[in-house]
Structure formats: structure tokens, C-alpha cells
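Since the structure is predicted, the reported quantities are computational estimates derived from the model, not experimental observations.
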Amino acid sequence: MARSQLKDRAPAALEHDHYAAMHGAFGWHVPERFNMAQACCGRWAGRGDATSRVAVVADGTGLTPVTWSYAQLQQAANRLSNALAVLGVQRGDRVAIVLPQRFETAVAYMAVLQLGAVAMPLSMLFGPEALEFRLHDSEAVVAICDAVAIDALESVRENCPLLRSVIRVGDRAGDRNPGYEAVLAQESDVFAACDTHADEAAVLIYTSGTTGQPKGALIAHRGLIGNLSGFVCSQNWFGFDPLRAGSESNAVFWSPADWAWTGGLMDALLPTLYFGRPIVAWNGRFSPQAAFELMQRHAVTHSFIFPTALKAMMKAYPEPGRQFTLRLQAIMSAGEAVGDAVFDYCRDQLGVVVNEMFGQTEINYIVGNCALNDRRGAGVGWPARPGSMGKGYPGHRVMVIDEAGHECPVGVPGDVAVNRYDVHGQPDPVFFLGYWKNPAATAARFTGDWCRTGDLATRDADGYLWYQGRADDVFKAAGYRIGPGEIENCLVKHPAVLNAAVVPKPDPERGALVKAYVVLAPEPAAQRQAQPGADFDTRLIAQLQAHVRGKLAPYEYPKEIEFVTELPMTTTGKVQRRVLRLQEEARAKQGTASGAGV
């Protein structure tokens, strides 16, 4: 959709809001027997167009793009399922998948899931300790591992006694583990998929650890169904015609989200395959240039892009239309608040109204928007409000509650919570089965039928939720309650700022000061390097403080700003404020200080 079309639409068209009707009329239909692999691959592989219907487009740094069909995906998955069975993998066993975005990763998920085993995704970014903790805690029996990560895995293998076998994907000189291609070549491409119950365990994903030691969240096969209403809404109906049941979609999906995390697996790979559409697998590092070139090369229409990535793209290419020809129809963004600067960029420069989404590993895709690029005449969708998380997606009862479990009044912060049952009293399929070997932690999440997310938000009079941060990210300074998101969003609007994180700095008089860690945009970063000394920092800090002071409340501007080259991030793209907060606490105990301010 062209930028001029978005800007020229009448205000009345922009406000068409069909949320109440959609949410009230929606009902879940969860079959008793359901298998993710059968829904995402098996049924498409059984169609007459299976050999021509594209499932995965494999691309990457230094690679020639290769297209793989649903027929090829199913045949490879069948061979790998047979191989895993030979290795002794049984129904319910955990199989670790340590792979980046590549065709073999999709094969691995389909193979494990149709076998009735439990797929346990592990990020390629994990070091030995992170791998050991998850492999040992999950009691994984087999690992399918990329050659790049083999050394890290092998270094902890002796501490994981239940890990019987490792299948290596890719070449690695001297590695003793059997190679993926050789393993598949020995097996039949015929396999009878396991007839799993919808409530049976399918995926074990360890939380990103933003607030402590990771916990394994056990996801049922039905969990994919629970994601679909949010996926379709956030992707502007994913290329389908909302007025014509059975219409075809020409959607092509890509996301930089790691397929080892909920965002990449449940928000990208699996729902794309569920609808029989192609997903682009990019095996390489993210950069704004690579992202734009990839979307142009493969005519990507739908995407999920983290706010941090969108910020980098905005700074690197303020007017991408001058260099790239894009066919985007929808962008969903999650992980952090988008903020109105990025919202405006997506609308004005990328030609799409970004749909913010909120979810967690345990209960994913529960809140968001469905703006349909402000074309909502078909009776679906609701307006997106810049900076808002959106509303509870159809099928999910979402509320902001207080400590006693009561709904908070309009404008009062509380815990975002989801009810076990939808508005019709039917179970919500999105709910996780529980934390792996940790029933106490599972029980602690619930107040009656409400599952608390640990994320704080306020609700406005129209039902939109506004993110306030993690419960442990919000702090008080001089008696005022400080939510870091609003300040960070304000800082990012300044042209010198690429990214920012706000945390409390211990202060003996006021309890805490507002401190900002700031990553500079490339040009001011180069200027700072060329002008070492305090003068440049002092001037820029004063500018940033004045920028925030002029837009927010006086008590919200950062009293101290420290420039850093990068922020601590989880592998899912979330800023780890906890790391910075602990750093400030340690500095206070040591009596040291860093940064400058007034």
C-alpha cells in the first residue's frame, strides 16, 4: 500500500473498529486429536500440488537461494523420523534442535513432532553453560546440531548422561557424530505419523531468562491453534480475503526471529507452514541492508520484525523506498514497545501500519492489533494506536489485574493476565501445560483461572493496553513510579540515539535516580570517536536530557546517561534491563560511578 494512500484516507475510515463483534463471535474449534507436523506439512504434502507448492526458500550469507517444496519437506521429515526411531527416540522423549534458519531446521521440527516426541529448540547463540543446563534439565536423548555449534555441545556432552546420540548438520572436520545427509540416506521416506492428542506435549521451550534462571515451558500440540487468531490478525489476514472463505493467499513470510525461540517458531515458521505458504530461511547475521535486500529479492509480503531491528532499519534507511522495491502487506512487531517513532516510520516509509503484539513463551500471541493498513471495510480489524500493545486477540480473555486478582481501573497499572477460558467458557488452547519439572512455579503464575504474565500495563477507556514494563523493571525515583519504556521511546526519537535502556541507579537521598544507557546512531558514534574527551559527551548528554525533559514529566528525564556500544540483549531481541540494574547495584556497593549527568 502506497504511503499516499495511507495519508489520504478519511478519518472516518481510519476509525472503523470491528473489535467487539470479532471478539464476541469468535469460538475455538480444537479437535481431540491434533499434531502440529500433520497440520503444517503432512496435509499439504498429500495434495496434488505438493511438488510445486513452496515450503521453504533457503538463503543466507554466501549461499545461492534454494527452494524446497512441501513434498520434499515431508519426504525428508519421514526419513529423519525413521532415523530417530532407530536411535531409540520414543513418544514423549525430548529431542534438542540446535539449528539456525535453514531447511533442515524445518525438517527437524516436522520429524520430531510427527514422531510424537517433544522438540526442544536451542539457540545457536548459546554457549556451553546454557546448552548444558537445558540439555541436562530436559533430559534430552538426541540432539540435531548444526556443525557450527558442535564444539560447544561436545564440550558439555559428558555432563548430559541421557544424551545418547547427536546428528550433525553440515560438515565438520574430525567430528565423530553421524552426518545428517548420511543418516537420511539410510532410511525410508515413508513414515506413519503418530496420532497425538491435542493436549499432548509437542515443544519444550526454555524462557529467555530476562528475570532469572530459564524455566522450561511445555507447549501442547493445541498451542499452535491458540496462536492462529493472533497470527492472522497481526498479519492483516495473511493474504487471504476475509470475505471469501477458502480464498487463496500469495503471502511470502520472513522474519529475523530465531526459529529456536517462541517468536521464530510459533509466530513465524509453524503458522506460515500451517497455511501452506513459503517462509524464507535466512542463515546469516541481521543487518538493515541484508533485511531490505532479502525482502526485495524474495518479494516478502509479511514479516515479524523486532522493534530493535526496526529502529536499526529506520536509522540506516530513513527513506528505504529510494533504494528498495518492497511488497510488504503486514509487519508484526513484539518483544519491546514499538514506540511512535518506529510506528510512524513503518506507516510513512514502509507503507504498512505495524501491528504490535504481546505474548510470552507460556501463553503466546494473546494481545495485539489488526489495523489492516487502515482498510477495515470488510468487517474485520480495529485501529492500531501508536505505542499501544493493542487488545486481547479473539479467543483470549485478557485483563489488567491487581494483586488480589481484581480488574484495575482505567489508567491504573496492573499485571496483564489471561483467563483459562474464553468469553464462551471454552478452554483457551494457547495455554502451556506447565513448567518442566516445576509444578510450584506453574502454580505461582495463577490467581484462580487468571494466568499472570509478570508484565505491567494500563488499560485506557477504549480497552487498549499500554505496556509499562516487566514488574521488576518498574522502579521508584524520588517517590515517583518510573516505567522505563516511555523514557526509552522518547530517547530513541532523538536522531543521535539508536537504542536505549533505562534502569534505576541507587541513590542514598532519593532511593534511585533515573539512568539511561544509550547506544548512539552510526554518525554521532563516529563523531564521538573522533572527538575523545568529556566535551562531546557533556554537550550530547545535555541535549538528550533536554529532549526528554521537554516531552515527558520533569521527574522522568535521565539524571545520568552512559554511552555504550551495545545493550545486553536476550537472543529473542529483548533488552536485559536486569543485567544493567545489577551492574548499577554492584557499582553502588563498590562506591564507583560511571557516566555523566546533572
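- With hydrogens and angles ignored, the 3.5 Å screen pairs a side-chain donor or acceptor of Arg168 with a backbone N or O of Gly170.
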Might you work through the side chain to side chain contact (heavy atoms under 4.5 Å, CB included) test for Asn250 and Thr301, ending with a clear yes or no? CA-CA 8 Å; Asn250 292 316; Thr301 58; over 6 Å; no

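- When every heavy atom of Lys315 is checked against every heavy atom of Leu498, the shortest pair comes out as CG-CD1, 3.6 Å.
- Across all non-hydrogen atoms, the minimal contact from Asn373 to Val352 is OD1-CA, 3.2 Å.
- Checked against side-chain contact (heavy atoms from CB on, under 4.5 Å), Trp44 has the following partners two or more places apart in sequence or in another chain: Arg47, Arg53, Tyr70.
- Listed for the Arg157 side chain is no donor-acceptor partner under 3.5 Å among the backbone atoms of Leu153.
- Cation-pi geometry between Arg297 and Phe324 is not satisfied (NZ or CZ under 6.0 Å from the ring centre, within 45° of the ring normal).
- A donor-acceptor contact shorter than 3.5 Å links the side chain of Arg222 to the backbone of Pro429.
- The number of heavy atoms from other shown groups lying within 6.0 Å of CZ (Arg33) is above 12.
- Not a single donor-acceptor pair under 3.5 Å links the side chain of His302 to the backbone N or O of Met332.
- Residues meeting the salt bridge (charged side-chain N to carboxylate O under 4.0 Å, His left out) test with Arg285, sequence neighbours left out: none.
- The side-chain heavy atoms of Ile167 and Leu80, taken from C-beta on, include a pair separated by under 4.5 Å.
- Partners of Phe26 according to the ring-ring contact (aromatic ring centres under 6.0 Å, His included) rule, which considers only residues two or more places apart in sequence or in another chain, are Trp28.
- In this structure, Arg176 pairs ionically with Glu154, as a charged nitrogen and a carboxylate oxygen lie closer than 4.0 Å.
- Nearest heavy atoms, Ala291 versus Trp254: CB-CH2, 3.8 Å.
- Closest non-hydrogen pair, Ser81 versus Ala111, comes out as OG-O, 2.8 Å.
- The main-chain N or O of Gly92 is found under 3.5 Å from a side-chain atom of Arg94 such that the two form a donor-acceptor pair.
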Under the side chain to side chain contact (heavy atoms under 4.5 Å, CB included) rule, what do Tyr109 and Leu273 come out as? Steps first, then yes or no, please. CA-CA 12 Å; Tyr109 282 116; Leu273 297 179; over 6 Å; no

Intermediate values then yes/no, side chain to side chain donor-acceptor pair (under 3.5 Å), Asn78 and Gln114: CA-CA 9 Å; Asn78 288 346; Gln114 70 175 3; 3.0 Å; yes

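- Within the 3.5 Å criterion, the main-chain N or O of Asn499 finds no donor-acceptor partner in the side chain of Lys311.
- Pairs engaging residues 99-121 under the salt bridge (charged side-chain N to carboxylate O under 4.0 Å, His left out) rule: Arg102-Glu104, Arg102-Asp146 [sequence neighbours left out].
- With hydrogens and angles disregarded, no donor-acceptor distance shorter than 3.5 Å links the side chain of Thr361 to the backbone of Thr207.
- Using a 4.5 Å heavy-atom cutoff, the side chains of Phe103 and Val66 are not in contact.
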Show your working on side chain to side chain contact (heavy atoms under 4.5 Å, CB included) between Glu200 and Leu433 and close with a plain yes or no. CA-CA 9 Å; Glu200 214 167 314; Leu433 294 169; over 6 Å; no

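- Annotation for Ser229 and Pro394: closest pair OG-O, 2.8 Å, computed over non-hydrogen atoms.
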Give the intermediate values and the outcome of side chain to side chain contact (heavy atoms under 4.5 Å, CB included) for residues Asn227 and Tyr274. CA-CA 11 Å; Asn227 277 255; Tyr274 177 89; over 6 Å; no

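- Residues Asp258 and Ser123 bring a donor and an acceptor atom of their side chains to less than 3.5 Å of each other.
- Legend: residues meeting salt bridge (charged side-chain N to carboxylate O under 4.0 Å, His left out) with Asp428, ordered by chain and number and at least two apart, are absent.
- Taken to the nearest 0.5 Å, the OG1 atom of Thr262 stands 3.5 Å off from the CD1 atom of Ile205.
- Legend: residues meeting salt bridge (charged side-chain N to carboxylate O under 4.0 Å, His left out) with Asp455, ordered by chain and number and at least two apart, are Arg470.
- Minimum heavy-atom separation, Val156 to Pro128: CG1-O, 3.4 Å.
- Side-chain contact between Val338 and Met357 is absent, with no heavy-atom pair separated by less than 4.5 Å.
- Using a 4.5 Å heavy-atom cutoff, the side chains of Val56 and Gln101 are not in contact.
- A donor-acceptor pair under 3.5 Å is formed between the side chain of Ser247 and the backbone N or O of Asp241.
- Proximity of a side-chain donor or acceptor of His298 to a complementary backbone N or O of Val300 within less than 3.5 Å is not detected.
- Annotation: His197, atom NE2; neighbour count of heavy atoms from other residues, nucleotides and ligands within 6.0 Å is above 12.
- Residues satisfying the salt bridge (charged side-chain N to carboxylate O under 4.0 Å, His left out) test with Arg164, not counting sequence neighbours, are none.
- If you take CD on Gln75 and CG on Leu184, they are separated by 11.0 Å, rounding to the nearest 0.5 Å.
- Partners of Val86 according to the side-chain contact (heavy atoms from CB on, under 4.5 Å) rule, which considers only residues two or more places apart in sequence or in another chain, are Glu187.
- Annotation: ring-ring contact (aromatic ring centres under 6.0 Å, His included) contacts of Phe432 (sequence neighbours excluded): Tyr435.
- More than 12 heavy-atom neighbours from other residues, nucleotides or ligands sit within 6.0 angstrom of CD on Gln323.
- Under the 4.5 Å side-chain criterion, counting only non-hydrogen atoms from C-beta, Phe343 is not in contact with Ser333.
- Within the 4.5 Å cutoff, the side chain of Tyr467 has no heavy atoms near those of the Glu356 side chain.
- Formation of a donor-acceptor pair under 3.5 Å by the His136 side chain with backbone atoms of Cys160 is not found in this model.
- Qualifying side-chain contact (heavy atoms from CB on, under 4.5 Å) partners for Ala290, counting only residues two or more places apart in sequence or in other chains: Trp282, Ser287.
- Other residues, nucleotides and ligands contribute only 12 or fewer heavy atoms inside 6.0 Å of the CD atom of Glu181.
- Inter-residue side-chain proximity for Phe431 and His396 is flagged as unmet; no heavy-atom pair is nearer than 4.5 Å.
- Side chains of Leu218 and Val118 form a contact here, defined as non-hydrogen atoms less than 4.5 Å apart.
- By the side-chain contact (heavy atoms from CB on, under 4.5 Å) test, Pro522 is found to be paired with no residue, residues two or more places apart in sequence or in another chain being considered.
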Donor-acceptor contacts, no H, no angles, side chain residues 231-240, under 3.5 Å, sequence neighbours left out:
| residue | atom | partner | partner atom | Å |
| --- | --- | --- | --- | --- |
| Ser234 | OG | Gly230 | O | 3.1 |
| Ser234 | OG | Phe231 | O | 3.2 |
| Ser234 | OG | Tyr365 | OH | 2.6 |
| Gln235 | NE2 | Ser303 | O | 3.2 |
| Asn236 | OD1 | Asn355 | ND2 | 2.9 |
| Asn236 | OD1 | Leu372 | N | 2.9 |
| Asn236 | ND2 | Gln329 | O | 3.1 |

